Amino acid sequence: MTSFGFPRFSRLLNAGDYRQVFNGAKIKVSDKHLLILASPNPLSRPRLGLVIAKKNIRLAVHRNRVKRLVRETFRQQDPALPPLDIVVLARRGLGELDNQALHQLLNSSWKRLVKYSRRHLDRPTPT
RNA sequence: AGAGUCCGCCGGACAGUCGCCGUUUCAGCUUCGCUGAAAGGGAGGAAAGUCCGGGCUCCGCAGGGCAGGGUGCCAGGUAACGCCUGGGGGGCGCGAGCCUACGGAAAGUGCAGCAGAGAGUAGACCGCCUAAGCGGACCGGUUUUCGGACCGGACCGCCGGUAAGGGUGAAAGGGUGCGGUAAGAGCGCACCGCGUGGGUGGUAACACGCCACGGCACGGUAAACCCCACCUGGAGCAAGACCAAAUAGGGAUCCAUUGGCGUGGCCCACGCUGGAUCCGGGUAGGUUGCUUGAGGCCUGUGGUGACGCAGGUCCUAGAUGAAUGGCUGUCCACGACAGAACCCGGCUUACAGGCGGACUCUCACC
RNA sequence: CGGUGUGUAGCGCAGCCUGGUAGCGCACUUCCUUCGGGAGGAAGGGGUCGGAGGUUCGAAUCCUCUCACACCGA
C-alpha cells in the first residue's frame, strides 16, 4: 500500500520522453473524448504524461480539473499497471464531463490499457 | 409597506481518509543530494482581457534635434497613469443621485452625397410689394385745330425691392414683442441671448440680477488634416545571468574603408572594427532571476477627500509537462463567474446568491 | 506566459488610410448556342461588412469595449 503515492519519478519529465512515446507508441486506447498512447520503458514503474491542449478544452479551470482526475486515477491504478510510458491526450468535449463521468471513463480506460498491454507484452518484442 | 440611489463586505462550511508542492527543524545514508518524521503554509475578486501606468532586466553611459505616438475643463493625490479625489461647465431625473473624449473653428487647408432657388465672402422657386424708373392697355375728368394732349385713378408686364411666411434639408446666417415700411428687414426701440473691454468673488476652471461699448460681425465638423499645452528611446522574465555539453579560431562566393555593425523611423553625437550570402555540422538540459513588497492589519494624527505622516504588529503560494486535489459523511441559502506563472497600481469585461450601512420618493397610521 | 495580425455573398479576396454608390473572380438561377453535355455569350439573384456602444447629418471605413480565428518567440 505504500506505492499509492505519485512521486516525481512516475512522470514524464522532458520533451525527449514525450517524443519516445509519440514515435514508438505500441499501445493505443481510444475514446470519443480521450486518447491514451503507451510504450514499454526499461524502468520498474509506469510513468504518466499529460497533453491537455487549450484548443480542445477552453477554460483553464476545466483543464486543471481533467489533469487532476487523470493523475488521481493513475495513482490509484499504479500497482496494477505494467512498466509503461503513458501519454494521455484530451480530445474536444472532455472538459464538459462532470467528475463522476470522468471517473467512469478513466477507470474503464485504465482497465482496457492493462488488457491491451498484457496481450502485447506476452508476445516477444522484436528489437 | 412599496419603489429607488449610493457605499462597503462575503464568494459554501465542518469532519474523516488517500495524495501533491514549497518552507523550517530534527534524524539516517553521508560530497552536492536523497530518504524519513514533525510543525506550519498553499489561487481570485476578478487570478481573466492585455487597455494603460510603473518597478526590474538587457540593448550604448539612455544624450540632442526632427518625425511618429499619446493625453486634453481646473486644482490636488500618486512611483506613475488614459487612474483616483474635490471643484466647474453641459445633459438626464420629482428627488437621493447619475452620465459626460469637456482645449482651439475671428492661424490656415479640406469636407457636406441626395433634395433644394440658395450649403457658407449666402440665396429670389412659390409668395409678398409697386413707392421711384420704363412700357402696354382701360376708366373718369379737362381741353381740342377731332389726329390727339394733359391731369387723376386702378390693372398687367419689365427693371426691381424683400429673408417676415411656404417649401427642401441633418443644418437656411440670433429669439419674442412693438414701432416702422410699398412690402419688409437690427432699419429703430424694449427684454432675452451673444461678443469685446473692465470690475468683483475664486489658487484656477468659472461665476455674477455689476459697469461700459458693439446691432450682431463670428454656422457644423478637429474620434478630418491641423494649431496650442504637456508627456514619450526600444524591447520584454521565452528579459537577463551562471553552469554543463557539443562545436569551430570549418569551407565557398561577393563587396569594401567617404564603409559596415552596435535591436528604435531618420539625422547628429558616441562606441566597436571587416561585412553580407550560401554550404556543411550540432541542438540536451540544469541552476538562478522567484518572491519582503510603492506589502497587509491596528492605533494616533493632518486633510472636505483621494491620500500623507508617526508608532506598533504580521510574514501570507512560488510551481517549471507545471502543486493547491479525489472520495465519503453531515448541514444550509444547494454553490455563479472562473485557476497564480516576474511583481505591483489602475481600468474594462464575466458573475448564483447573501450581509451591513447611509439616503431619496410615494402611500398609510400615530 | 509575452508579442502581432485577420474577420466583408456559399468559397477566395478588393474597398477602410482620404466617411455618402458595398465591388471582382469562381460557384448559383434563367435564357441563347449544341442532337445532348462541356466550353462560350447575355441577363439576374444573393451580403445584420464578427458583435455592442459612441463620434458625425451620415460609419464596412473613425474611436472604445468585446468575441472568434491564425501566426511568432525557449
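All of these numbers come straight from a predicted model, not from anything done at the bench.
Closest approach of A:V29 to A:S109, counting heavy atoms only: CG1-O, 4.2 Å. Residue A:I57 comes nearest to A:R63 through the heavy atom pair O-NH1, 3.0 Å, listed as atom of the first residue, atom of the second, then distance. A:L113 and A:A38 get closest at one heavy-atom pair: CD1-CB, 4.2 Å.
C:rA42: Watson-Crick or G-U partner is C:rU30, with both key distances under 3.5 Å. Base-pair partner of B:rA358: B:rU5 (Watson-Crick or G-U wobble, both distances under 3.5 Å). Pairing for C:rA52 goes to C:rU64, judged as Watson-Crick or G-U wobble with the two contacts each under 3.5 Å. Pair assignment for B:rG271: B:rC261, on the basis of Watson-Crick or G-U wobble contacts that are both within less than 3.5 Å. Across all strands shown, B:rU283 forms no Watson-Crick or G-U wobble pair with both distances under 3.5 Å. In this structure, C:rC11 forms a base pair with C:rG25, meeting either the Watson-Crick or the G-U wobble geometry with both donor-acceptor distances under 3.5 Å. Applying the Watson-Crick and G-U wobble criteria (two distances, each under 3.5 Å), B:rG97 pairs with B:rC92. Of the nucleotides present, B:rC194 is the one that pairs with B:rG214 by Watson-Crick or G-U wobble criteria, both distances under 3.5 Å.
Separating the CG atom of A:L102 from the P atom of B:rG325 is a distance of 16 Å, rounded to the nearest angstrom. In this structure, the NZ atom of A:K67 is 11 Å from the P atom of B:rG321, given to the nearest Å. Put simply, CZ on A:R65 is 10 Å from P on B:rC327, counting in whole angstrom units. Here B:rA319 presents its P atom at 16 Å from CG of A:N64, a figure rounded to the nearest Å. Rounded to a whole Å, the CG atom of A:L106 is 18 Å from the P atom of B:rG325. Rounded to whole Å, atom P of B:rU328 lies 11 Å from atom CD of A:Q76. When rounded to the nearest whole Å, the span between CZ of A:R63 and P of B:rU324 equals 15 Å. Rounded to an integer number of Å, the gap from A:F74 CZ to B:rG326 P is 19 Å.
Here B:rG147 is in the syn range [glycosidic angle within 90° of 0]. Nucleotide B:rG45 carries a syn base; the chi torsion (O4'-C1'-N9-C4 or O4'-C1'-N1-C2) is within 90° of 0. For B:rU5, the glycosidic angle deviates from 0 by more than 90°, giving an anti base. Using a 90° window around 0 for the glycosidic torsion, B:rG118 falls outside it and is classed as anti. C:rU56 takes the syn form, because its glycosidic angle lies no more than 90° either side of 0.
For the pair A:E72 and A:H62, nearest-nucleotide mapping onto RNA chain B gives the more 5' position to A:E72. Along RNA chain B, the nucleotide nearest A:H103 and the nucleotide nearest A:G49 are compared for position; the residue whose nucleotide lies closer to the 5' end is A:G49.
For the C1' atoms, the distance from B:rG214 to B:rG188 is 16 Å, rounded to whole Å. Rounded to a whole angstrom, the distance from the C1' atom of B:rG169 to that of B:rG2 is 50 Å. B:rA105 and B:rC225 have their C1' atoms separated by 13 Å, with the value rounded to a whole Å. Spacing of P atoms, B:rU316 relative to B:rA43, comes out at 12 Å, to the nearest Å. Comparing the P positions of B:rG140 and B:rG116 gives a spacing of 50 Å, expressed to the nearest Å. Taking atom C1' in both B:rG69 and B:rG91, the straight-line distance is 33 Å, to the nearest Å. Straight-line distance between the C1' atoms of B:rA204 and B:rC309: roughly 28 Å, to the nearest whole Å. Between the C1' atoms of B:rG354 and B:rU232, the separation comes to 48 Å (whole Å).
Between A:N99 and B:rG326 there is a side-chain polar atom (N or O) within less than 4.0 angstrom of OP1 or OP2. Remark: A:R68 is in phosphate contact with B:rU324, judged by side-chain N or O atoms under 4.0 Å from OP1 or OP2. Remark: A:R71 is in phosphate contact with B:rA323, judged by side-chain N or O atoms under 4.0 Å from OP1 or OP2.
Here the side chains of A:V70 and A:L48 are in contact, with some heavy-atom distance below 4.5 Å.
Each of B:rC327, C:rC1, B:rG19 was ranked by its minimum atom distance to the side chain of A:R75; first place goes to B:rG19. In this structure, the nucleotide among B:rG326, B:rG339, B:rC18 sitting nearest to the side chain of A:V61 is B:rG339.
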Review point. Is there a side-chain contact (heavy atoms from CB on, under 4.5 Å) between A:L106 and A:E72 once you walk through the steps?
Key: CA-CA 10 Å; A:L106 287 166; A:E72 181 66 19; over 6 Å; no
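Atoms CG and CZ, on A:L69 and A:F74 in that order, are 15.0 Å from each other to the nearest 0.5 Å. Here the NE2 atom belonging to A:H62 is positioned 14.5 Å from the CG atom belonging to A:N56, to the nearest 0.5 angstrom.
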Could you go over nucleotides 66-74 of chain C and give all protein N or O partners under 3.5 Å, atom names and distances?
| residue | atom | partner | partner atom | Å |
| --- | --- | --- | --- | --- |
| C:rA68 | OP1 | A:R58 | NH1 | 3.4 |

Return a table of donor-acceptor pairs under 3.5 angstrom between the side chains of residues 81-103 of chain A and protein atoms on other chains or two or more places apart.
| residue | atom | partner | partner atom | Å |
| --- | --- | --- | --- | --- |
| A:D85 | OD1 | A:N41 | ND2 | 2.7 |
| A:D85 | OD1 | A:R47 | NE | 3.0 |
| A:D85 | OD2 | A:R47 | NH2 | 3.1 |
| A:R91 | NH1 | A:S30 | OG | 3.2 |
| A:R91 | NH1 | A:D31 | O | 2.8 |
| A:D98 | OD1 | A:A101 | N | 3.0 |
| A:N99 | OD1 | A:R65 | NH1 | 3.0 |

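Within the nucleic acid shown, A:L59 comes within 4.0 Å of sugar-phosphate atoms alone, with no base atom in reach, counting heavy atoms only.
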